[in-house]
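Everything below concerns the one structure shown next.
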Amino acid sequence: MSKITKLFKSSGGSGSSSKNRKGPSAQEALFKLRETEEMLTKKQEYLEKKIELELATAKKHGTKNKRAALQALKRKKKMEKQLAQIDGTLSTIEFQREALENSHTNTEVLKNMGYAAKAMKAVHENMDLEKIDNLMQDIHEQQDVAQEISDAISRPAGFCDDFDEDELMAELEELEQEDMNSQMANVKLPSVPSTKLPSRPASSRKKVEDDDDMQMLAAWAT
């Protein structure tokens, strides 16, 4: 059995009070994880500065003092290994913290949903489904009655809208024809002049007749 197992067994078996003790709350565990993250982050920053110093020391000695330069490089390698281990630990802690935060959030959500479900149940206990159905049925009936009353009020009383469209068109055409006849009756035509129009002079008539004869002779010649 390893020493770590013995340590946990010895610390966990010291009395009945420790057995009955509950585990830490989510808030306490998150607080501890954040403390650990802060401690490791500070350790990480310290190692990064030390690595820079050892690298500067190795460059300073170079080939002049190979032993001091090699010792500085060895210390740098050792601290780089520690830095890599811290990076892995921080990744594990971050994953654990996020999982715990999600679990805590889910627990709070479920708790609040449980409260809401109890409240809804308490409200519904005082409701009768049959009474609700009857109420909704009465509401629908009253809405139908109100619609019928509105339709009756808005409908014109004593008038019939059933007209023959052909009769209406015939009456309209008749009115248009009467209006056209009335307009034609009011139109005044110009009067015939009483004076005799002047006759054409004889010389003009002679010239026209000669022109006609010349045209006829030309037509026969062709």
Side-chain angles (χ1 to χ4, degrees), residues 8 11-12 15-42 44-45 86-192:
F8 277 101
S11 61
S16 59
S17 59
S18 61
K19 292 181 180 180
N20 296 329
R21 183 182 177 183
K22 295 181 179 180
S25 63
Q27 290 85 351
E28 292 174 349
L30 287 172
F31 178 76
K32 292 293 184 182
L33 287 174
R34 291 193 182 98
E35 280 188 340
T36 305
E37 280 184 309
E38 292 178 1
M39 179 188 67
L40 291 175
T41 301
K42 291 179 180 179
Q44 196 176 36
E45 294 174 354
I86 291 174
D87 288 338
T89 305
L90 283 173
S91 298
T92 303
I93 291 175
E94 183 180 3
F95 175 78
Q96 189 176 16
R97 176 175 54 78
E98 290 177 353
L100 186 57
E101 288 175 349
N102 292 334
S103 299
H104 177 64
T105 301
N106 294 335
T107 301
E108 292 298 323
V109 170
L110 291 174
K111 186 188 298 183
N112 294 333
M113 290 176 66
Y115 289 152
K118 290 180 181 179
M120 291 177 64
K121 185 177 180 181
V123 171
H124 291 159
E125 283 180 354
N126 299 324
M127 293 184 179
D128 188 352
L129 293 178
E130 186 175 355
K131 291 181 179 180
I132 294 173
D133 291 337
N134 294 333
L135 176 62
M136 295 304 298
Q137 187 175 359
D138 292 340
I139 291 174
H140 290 310
E141 289 178 357
Q142 293 304 318
Q143 288 177 346
D144 294 338
V145 172
Q147 185 64 40
E148 291 177 1
I149 293 173
S150 298
D151 294 341
I153 293 174
S154 61
R155 187 183 305 116
F159 294 96
C160 181
D161 294 336
D162 188 11
F163 300 109
D164 189 353
E165 293 290 335
D166 295 336
E167 292 181 0
L168 294 176
M169 291 298 298
E171 185 176 355
L172 179 61
E173 292 177 357
E174 185 178 352
L175 292 174
E176 291 178 349
Q177 186 64 37
E178 290 178 358
D179 184 62
M180 185 179 298
N181 294 336
S182 177
Q183 292 179 1
M184 293 296 294
N186 294 328
V187 174
K188 293 182 178 181
L189 298 175
S191 60
V192 178

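Just so you know, these numbers use all the heavy atoms, side chains as well, and skip hydrogens, waters and symmetry mates.
For residues 128-146, the set of pairs meeting the side chain to side chain donor-acceptor pair (under 3.5 Å) definition, not counting sequence neighbours, is empty. Listed by first then second residue, pairs satisfying salt bridge (charged side-chain N to carboxylate O under 4.0 Å, His left out) with a partner in residues 109-123 read Glu108-Lys111, not counting sequence neighbours. Applying the side chain to side chain donor-acceptor pair (under 3.5 Å) definition to pairs two or more places apart or across chains, those involving residues 30-42 are Arg34-Glu101, Glu37-Arg97.
At least one side-chain heavy atom of Ile139 sits less than 4.5 Å from a side-chain heavy atom of Met136.
A distance of 8.0 Å separates CG of Leu135 from CD1 of Ile132, quoted to the nearest 0.5 Å. To the nearest 0.5 Å, atoms CG (Leu40) and CG (Leu90) are separated by 5.0 Å.
When the shell of 6.0 Å around CD of Gln96 is examined, it contains 12 or fewer heavy atoms from other residues, nucleotides or ligands.
Distance alone, capped at 3.5 Å, is enough to place a donor-acceptor pair between the Thr107 side chain and the Ser103 backbone.
Considering every non-hydrogen atom in both Leu100 and Ala29, the closest pair reads CD2-CB, 3.4 Å.
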